[in-house]
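Following: one structure in structure tokens, then a few remarks.
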Amino acid sequence: ILNVEQSPQSLHVQEGDSTNFTCSFPSSNFYALHWYRWETAKSPEALFVMTLNGDEKKKGRISATLNTKEGYSYLYIKGSQPEDSATYLCAMRVDTGRRALTFGSGTRLQVQP
Amino acid sequence: DAGITQSPRYKITETGRQVTLMCHQTWSHSYMFWYRQDLGHGLRLIYYSAAADITDKGEVPDGYVVSRSKTENFPLTLESATRSQTSVYFCASSEAGARGYTFGSGTRLTVV
């Protein structure tokens, strides 16, 4: 069983603050790292899929980086807005032909207006 | 409607009963997955399928059975429900390549 860890578990920020979360994963047999945004009472939605060491992805105010050699990824939110409040999940896929993802427990973000 | 749909949205069943959760996708994605969401554990993989008639166990398969006779359907059956199977169940699908999953809306199952 892979160990994908996310920190912090939860985060409260004020509107306009920039914030970042960490996802740590085992670097051996790495294939891909996914980030999902999960709003309460909805289903997770894919944000980014990253496969190469040094990858950086951006979608509006949200961006992510990947370091496969040391086994971590950062998700950044610039100028947080109340609508960014959600749980952010990362998940890892290994290069064994097995397509299934192993998810971390998530970082719950609350942005206060 | 196009997409991935799960049914029912909510289900209450008694201990020992068999219950089937349905998942249907309209994209002809090859891969389909069942996860359960539990406090403190996040999403844990129960079973997945790479194609019709190909299924494999995930992290927590005990007490569950799946089948995939058609590409678009991936039902999950709890053979004899237990209270520990009270959870929210998510079905997901994915096409080949480095793409994200698309999740269904979830089924909240309560075993009493």
Is there a donor-acceptor pair closer than 3.5 Å between any side-chain N or O of B:Gln25 and the backbone N or O of B:Gly3? no

Can a donor-acceptor pair be found between the side chains of A:Tyr36 and A:His34 at a distance below 3.5 Å? yes

Using a 4.5 Å cut-off on heavy atoms from C-beta on, say whether the side chain of A:Ser85 contacts that of A:Leu109. no

When the 4.5 angstrom heavy-atom criterion is applied to B:Leu43 and chain A, the contacting part is both

Sidechain-backbone polar pair: B:Gln6 side chain, B:Ile4 backbone, donor-acceptor under 3.5 Å: no

Please classify the contact between A:Trp35 and chain B as side chain, backbone, both or neither, with a heavy-atom cut-off of under 4.5 Å. neither

Minimum heavy-atom separation for A:Glu15 and A:Pro113, please, with both atom names. OE1-CA, 3.3 Å

Looking at A:Trp38 versus A:Phe103, is the centre-to-centre ring distance below 6.0 Å? no

Scored by heavy-atom pairs under 4.5 Å with chain B, the best of A:Gly104, A:Ala91, A:Ala46, A:Ser43 is A:Ser43

Could you list which of residues 53-61 of chain B have a heavy atom closer than 4.5 Å to any heavy atom of chain A, in residue-number order? B:Asp56, B:Lys57, B:Gly58, B:Glu59

Selection residues 45-72 of chain A - residue pairs positive for ring-ring contact (aromatic ring centres under 6.0 Å, His included), sequence neighbours left out: A:Tyr72-A:Tyr74

Counting distance only, does the side-chain N/O of A:Asp55 pair as donor-acceptor with the main-chain N or O of A:Leu66 below 3.5 Å? no

Any donor-acceptor pair under 3.5 Å linking the side chain of A:Asp84 with the backbone of A:Ser80? no

Spell out, as yes or no, whether a donor-acceptor pair under 3.5 Å connects the side chain of A:Gln6 to the backbone of A:Tyr88. yes

Are there residues of residues 68-86 of chain B that reach to under 4.5 Å of chain A by heavy atoms, and which ones? none

Could you tabulate the donor-acceptor pairs under 3.5 Å formed by side-chain atoms of residues 100-112 of chain B, not counting sequence neighbours?
{"residue": "B:Tyr101", "atom": "OH", "partner": "A:Leu101", "partner atom": "N", "Å": "2.8"}
{"residue": "B:Tyr101", "atom": "OH", "partner": "B:Tyr35", "partner atom": "OH", "Å": "3.4"}
{"residue": "B:Thr107", "atom": "OG1", "partner": "B:Pro8", "partner atom": "O", "Å": "2.6"}

